[in-house]
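Given the structure is predicted, the values throughout are model-derived calculations rather than measurements.
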Amino acid sequence: MERIRVMLADDNQSIIKLLQDFFASKEEIEVVATVTDGAQVAQAVLEQRPDVLVMDIIMPRKDGFMALEELSRISDRARPKVIVLTGLSRDDFILRAIRLGASYYMVKPFDMQLLYSRILEVARDAEPPMAESSAPSAPESVDEQITNLFLTIGIPAHIKGYQYLREAVRMVLDDHDLINRITKELYPGIARRFDTSASKVERAMRHAIEVAWARGRLEAVNQMYGYRVFAPEDRPTNGEFIALVSDKISVKKTA
């Protein structure tokens, strides 16, 4: 039996390594290419001719939606089946990915065995459902909205600034006037909760925002809201960033 040629596209090297190790034990599957940049996807597909592409939505330079649009211009013979594997669970994202040609939309964290089964299904031209959840999706909690936005922007969850910024947004949502007392109350309040100093909180937040702007994912956030929220050349201060995120979530809560 001919092996299924699989390509992986995700800017998270840990996810790629995890999938490579898992698929190495599967006789039916051969991982023929990995890319970490959305702008590399179409060219790698043309060069490697995978049967199935497992791809994240959030990637630098070009996101998964842009990659899907590029793939739609490739001939049917060279175009792989696409399984979207992402941390974003919004219904409009799912619908958009399916309309752009994705066969499946799976949300992280995911079951490796289930992903393996889906690869076999789409490679064999089976007609499975296209989204993994058949139950109506519950509205996103505030924490889920913050997490999705931070991951979309590109703030790594493992750095301290991620936790501090998330706590700051929560606090400002509870008391919006705190944004006007960021030095005297917000930083010290977060410092007490995490047993650190206010200066370290401020520096870690600034570093997290710098990392996000360096990753080049801002266009994905702008697409999420339908207008320009962030600009690559205009990195906000900590206070501006916290205020902007809390305002967006407040608007969504009251919509």
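Looking at Asp51, its side chain does come within 3.5 Å of a backbone N or O of Arg5 through a donor-acceptor pair. With Arg118 contributing its side chain and Ile83 its backbone, the two residues share no donor-acceptor pair below 3.5 Å. When atom types are taken as modelled, the side chain of Lys62 and the backbone of Ala67 share no donor-acceptor pair closer than 3.5 angstrom. Looking at Arg49, its side chain never comes within 3.5 Å of a backbone N or O of Ala78 through a donor-acceptor pair.
Aromatic rings from Tyr164 and Tyr187 are positioned such that their centres are separated by 6.0 Å or more.
Classified by interplanar angle (parallel below 30°, tilted 30° to 60°, perpendicular above 60°), the ring pair Phe241/Phe150 is tilted.
Taking the side chain to side chain contact (heavy atoms under 4.5 Å, CB included) definition, one finds that Thr237 meets it with Glu240, sequence neighbours left out. Scored by the side-chain hydrogen bond (donor to acceptor under 3.5 Å, both in side chains) test, Ser14 finds no partners at all (sequence neighbours excluded). With sequence neighbours left out, the salt bridge (charged side-chain N to carboxylate O under 4.0 Å, His left out) criterion links Arg206 to Glu202. Here Asp234 pairs with nothing under the salt bridge (charged side-chain N to carboxylate O under 4.0 Å, His left out) rule; sequence neighbours left out. Every side chain to side chain contact (heavy atoms under 4.5 Å, CB included) that Pro188 has, sequence neighbours left out, goes to Arg192, Ala198. Partners of Asp177 under the salt bridge (charged side-chain N to carboxylate O under 4.0 Å, His left out) rule, at least two apart in sequence or in another chain, are Arg181. A search for salt bridge (charged side-chain N to carboxylate O under 4.0 Å, His left out) contacts involving Glu30 returns nothing, not counting sequence neighbours. Listed by chain and residue number, Gln113, Leu114 satisfy the side chain to side chain contact (heavy atoms under 4.5 Å, CB included) test with Asp111 (two or more places apart in sequence, or in another chain). Arg79 pairs by the side-chain hydrogen bond (donor to acceptor under 3.5 Å, both in side chains) definition with Asp76, not counting sequence neighbours. Shown here are the side chain to side chain contact (heavy atoms under 4.5 Å, CB included) partners of Arg193, two or more places apart in sequence or in another chain: Glu167, Met171.
At a threshold of 4.5 Å between non-hydrogen side-chain atoms, the residues Leu8 and Gln20 count as touching.
Within the structure, every pair that satisfies the salt bridge (charged side-chain N to carboxylate O under 4.0 Å, His left out) test and touches residues 15-24, not counting sequence neighbours, is listed here: Lys17-Asp21.
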Report, one line per pair, each donor and acceptor closer than 3.5 Å where one atom sits in a side chain of residues 31-44; sequence neighbours left out.
unit_1 : atom_1 : unit_2 : atom_2 : d
Asp37  : OD1    : Ala39  : N      : 2.8
Asp37  : OD1    : Arg61  : NE     : 3.4
Asp37  : OD2    : Arg61  : NE     : 2.7
Asp37  : OD2    : Arg61  : NH2    : 3.1
Gln43  : NE2    : Glu47  : OE2    : 3.0

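With Phe194 as the aromatic partner, Lys160 does not meet the cation-pi criteria of under 6.0 angstrom to the ring centre and within 45 degrees of the ring axis.
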Evaluate side-chain contact (heavy atoms from CB on, under 4.5 Å) for Phe93 paired with Val84, printing each intermediate quantity in order.
CA-CA 10 Å; Phe93 282 17; Val84 171; over 6 Å; no
